[in-house]
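In what follows, every heavy atom counts, from backbone to side chain, and hydrogens, waters and symmetry copies are set aside. Naming: A, B, ... by sequence-line order, numbering from 1 per chain.
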Amino acid sequence: MNQNQSLQEVIRFISAKLNISEVEVAPFIEFPPEKSMGEYAFPCFILAKKLKTSPQKIAESLAEGFFPTEFLKEVKVVGGYLNFFVQRENYIKDILSSVLKEGGAFGKSDEGKGKMVVIDYSSPNIAKPFSIGHLRSTIIGQALANLFRSASYKVVGINHIGDWGTQFGKQIVALKKFGSVEDLKNAKDPIVYLFDLYVKFHKEAEKNPSLEDEAREMFAKTERGDKEATELRDLLVDYSLKAFNKTYKRLGIEFTHTRGESYYADKVEPAFKKIEKLTEVRESEGALVIDLDSYGLTPLLLKKRDGTTLYATRDLTALFDRFEEFNFNQMLYVVGQEQTLHFNQLFSALEKMKIQWVNRCHHIPFGMIRFKDKKMSTREGNVIFLEQVLDEAKKRAKDAIEKKNPELKDKDEVAEAVGTGAVIFNDLSQRMIKDVIFDWDQMLNFEGDTGPYLQYTCARISSIIKKSGSNIKEIDWSRIQDDESFQIVRALEQIPIAISNATKAYEPSILCSALLFVASAFNTFYHKHRVIQEDKNVESARLALLKAVLYSLKNGLQILNIKAPEEM
RNA sequence: GCGCCCGUAGCUCAGGCGGAUAGAGCAACAGAUUUCUAAUCUGUGGGUCAGAGGUUCGAGUCCUCUCGGGCGCGCCA
């Protein structure tokens, strides 16, 4: 990460005084919570024990050795902290000119240069519509992919479509029993047609459990390469992908690979043989399992009584295949937290097989979207479809436009961008491990800390820049020394740090907070100061400030996969 | 029964590698638009950080237990 010069001076100062390397000092530098406390702080508590003096005394003795520099004006001792105050003009100039210079690349880094990360995300099951539940893996996975790309990682994004397994057998049985290929082809919405069949299957199966056996048998046929079953699978995959792609397009989701589980079909047996060689696979109640007692886990099931494979077998197969193909440094599974046990079992099994690269694999769990009083269940048919949500979002955004800016061109396009922006941001802005209670008004809120707030801020800035019509030539940085401009610059300073932390913690919400902080600082500035004015020196400097804000917001929104319309 | 996750303002959440007076948004109330987009801004009220112990100079943050909610625990994925 490129630190700005003020921060570098702080680190250099502490490092020299305490005779500790700069790399060791850097992580201890904090950003004080209050404006009055300066811009950087060094907490001396950690040293108190080692030096056998009070933190206060340590801070005082450090302060004694301080002399003002180009970027640091003064230090103050507050409690056990040594607080640094920057030389405002140089600080502003340093940060803003580097943001403007980097432009569209502001916030990017080369931390991950030469490294490869594979991200498995979205991964819906075929023949079922996208429910709101699928939103999270899709949105979070794409944001992580973008974050890693912005840090110069090579990213492979795989959509691991669920087109294999018993659940898939159920769909074929349902189609054959309660519907027909003919009806499917003529259906207005093939996915809804298939979904209804799927719900019916589970209703019928409650009365008649033998249906489940039929589904298993159907899957067994598929796994043996049965022609009819395979053709039906391909047909269902085809219809499903068409529907999925429509939604992906709306959300701006792009995978580098779309590979169903069926992609690994002919690799499963070789992988299974390999597993048997690496560790003990034993029979248990007719099934084949790997014992994981030593890891405190229940056994991992690899094959069912009838010899067909399970989720875990196919996941292991895919994992071996991916490592061979991509030789990844990290493999991320963006999958709901309800599957934590599965991944613990999977990774423990790999450890038992003495596979070294298991520590490169991570499950990135997230909470589920559910109703207040009950679980969403595709089987029972009580779900909210993602398309429904996006349509409603667009409708509400359009209403807002009609009210606020009826002259706007491209209303539909903007409404789509704002609607989906609200949905995406709402999902990404809280820590992903938390469950989300589905609520229309909260999810589609356009005011306050929301996606549309960021978009609105961008549009507002774009409008001012356009109206000013003036080009920035020489910038006299001394013209933007006011508190509000200064606070914007402080917020901008946090953006690259937030991007880096969000990437390391696999947590897009960190970036969301930093962007809101910038936008809020700008809007405060906006209400207090005019940009376009007589004094062209001030105008130029302020325009430069606005451009920097716009770059940071646009780049951030791009990472989150949210569009920033010029007008709204 | 066992395991994992969560519990912070009326609501939704930041603060989760211990550190300064626990912060935002929504809702409520009071204000701001002859001026660059009011999807905005300014202000007010609102908290035993679920509870009890413990570790520490210092705990919302770490440990233990209790309570509440969610999820998972063999032939689904």
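- Between B/rA77, B/rG70, B/rU37, one nucleotide has an atom nearer to the side chain of A/Ala459 than all others, and that is B/rU37.
- Spacing between atom CD1 of A/Ile29 and atom P of B/rA20 amounts to 16 Å, rounded to whole angstrom units.
- Checking B/rC76, B/rG72, B/rG69 against the side-chain heavy atoms of A/Lys304 singles out B/rC76 as nearest.
- Among the candidates A/Glu269, A/Glu283, A/Glu223, the single residue satisfying the salt bridge (Lys or Arg N to Asp or Glu O under 4.0 Å) test with A/Lys303 is A/Glu269.
- The side chain of A/Lys528 places no N or O atom within less than 4.0 Å of a non-bridging phosphate oxygen (OP1 or OP2) of B/rA32.
- Listed pair A/Arg216 / B/rC76 meets the phosphate criterion, a side-chain N or O lying under 4.0 Å from OP1 or OP2.
- Taking the P atoms as reference points, B/rA50 lies 6 Å from B/rU8, given to the whole Å.
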N/O-N/O pairs, protein side and nucleotides 39-45 of chain B side, under 3.5 Å:
residue	atom	partner	partner atom	Å
B/rA39	OP2	A/Lys404	NZ	2.9
B/rA39	O4'	A/Lys404	NZ	3.3
B/rU40	OP1	A/Gly448	N	3.0
B/rU40	O2'	A/Arg460	NH1	2.8
B/rU40	O2'	A/His527	NE2	2.9
B/rU40	O2	A/His527	NE2	3.0
B/rC41	OP1	A/Tyr453	OH	2.7
B/rC41	O4'	A/His527	NE2	3.1
B/rU42	OP1	A/Thr524	OG1	3.1

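- Only the P atoms considered, B/rA20 is 41 Å distant from B/rC73, to the nearest whole Å.
- Of all non-hydrogen atoms in A/Lys128 and A/Phe244, the two that sit nearest each other are O-CE2, 3.5 Å.
- Taking atom P on both B/rC75 and B/rG51, the two are 41 Å apart, rounded to the nearest angstrom.
- Between the side chains of A/Gln167 and A/Tyr311, no donor-acceptor pair is found at a separation under 3.5 Å.
- Rounded to the nearest Å, the gap between the P atom of B/rA59 and that of B/rC2 is 32 Å.
- Contact annotation: the side chain of A/Lys563 never approaches that of A/Leu557 to less than 4.5 Å [non-hydrogen atoms, C-beta and beyond].
- Under a 3.5 Å cut-off, the side chain of A/Thr308 and the backbone N or O of A/Lys304 do not form any donor-acceptor pair.
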Table of protein N/O atoms under 3.5 Å from nucleotides 6-16 of chain B N/O atoms:
residue	atom	partner	partner atom	Å
B/rG7	OP1	A/Lys434	NZ	3.2
B/rU12	O2'	A/Gln442	NE2	2.8
B/rC13	OP1	A/Gln430	OE1	3.2
B/rC13	OP1	A/Gln430	NE2	3.4
B/rA14	OP1	A/Arg431	N	2.8
B/rA14	OP2	A/Lys434	NZ	3.0
B/rG16	N7	A/Arg431	NH1	2.8

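- In terms of modelled atom types and a separation under 3.5 Å, the side chain of A/Asp410 and the main chain of A/Glu413 share no donor-acceptor contact.
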Pairs under 3.5 Å (Watson-Crick or G-U), crossing ones as [ ], inter-strand ones as |: RNA chain B comes out as (((((((..((((.....[...)))).(((((.......))))).....(((((..]....))))))))))))....
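- Between A/Thr166 and B/rC76 there is a side-chain N or O to OP1 or OP2 distance below 4.0 Å.
- For A/Ile532, the side-chain atoms get nearest to B/rC36 when compared with the rest of B/rC75, B/rC36, B/rA77.
- Side-chain N/O atoms of A/Gln487 and A/Thr524 include no donor and acceptor closer than 3.5 Å.
- Spacing between B/rU21 and B/rG1 at atom C1', rounded to whole Å, works out to 46 Å.
- Summarising the geometry, atom CD belonging to A/Gln430 is positioned 12.5 Å from atom CZ belonging to A/Phe366; distances are rounded to the nearest 0.5 Å.
- A/Glu285 comes within 4.0 angstrom of a nucleotide base, judged by non-hydrogen atoms across all strands.
- Rounded to whole Å, the separation between the P atoms of B/rG72 and B/rG10 comes to 31 Å.
- Atom NZ of A/Lys35 sits in a sparse spot, with 12 or fewer heavy atoms from other residues, nucleotides or ligands closer than 6.0 Å.
- Distance alone, capped at 3.5 Å, places no donor-acceptor pair between the A/Asp163 side chain and the A/Val237 backbone.
- Rounded to the nearest Å, the gap between the C1' atom of B/rU42 and that of B/rC6 is 36 Å.
- Salt-bridge formation is not detected for the pair A/Lys411/A/Glu567: no Lys NZ or Arg NE/NH1/NH2 atom is positioned less than 4.0 Å from an Asp or Glu carboxylate oxygen.
- Across every non-hydrogen atom of A/Val418 and A/Pro452, the tightest pair is CG1-CG, 3.8 Å.
- Here, B/rG46 and B/rC11 have their C1' atoms 12 Å apart, quoted to the whole Å.
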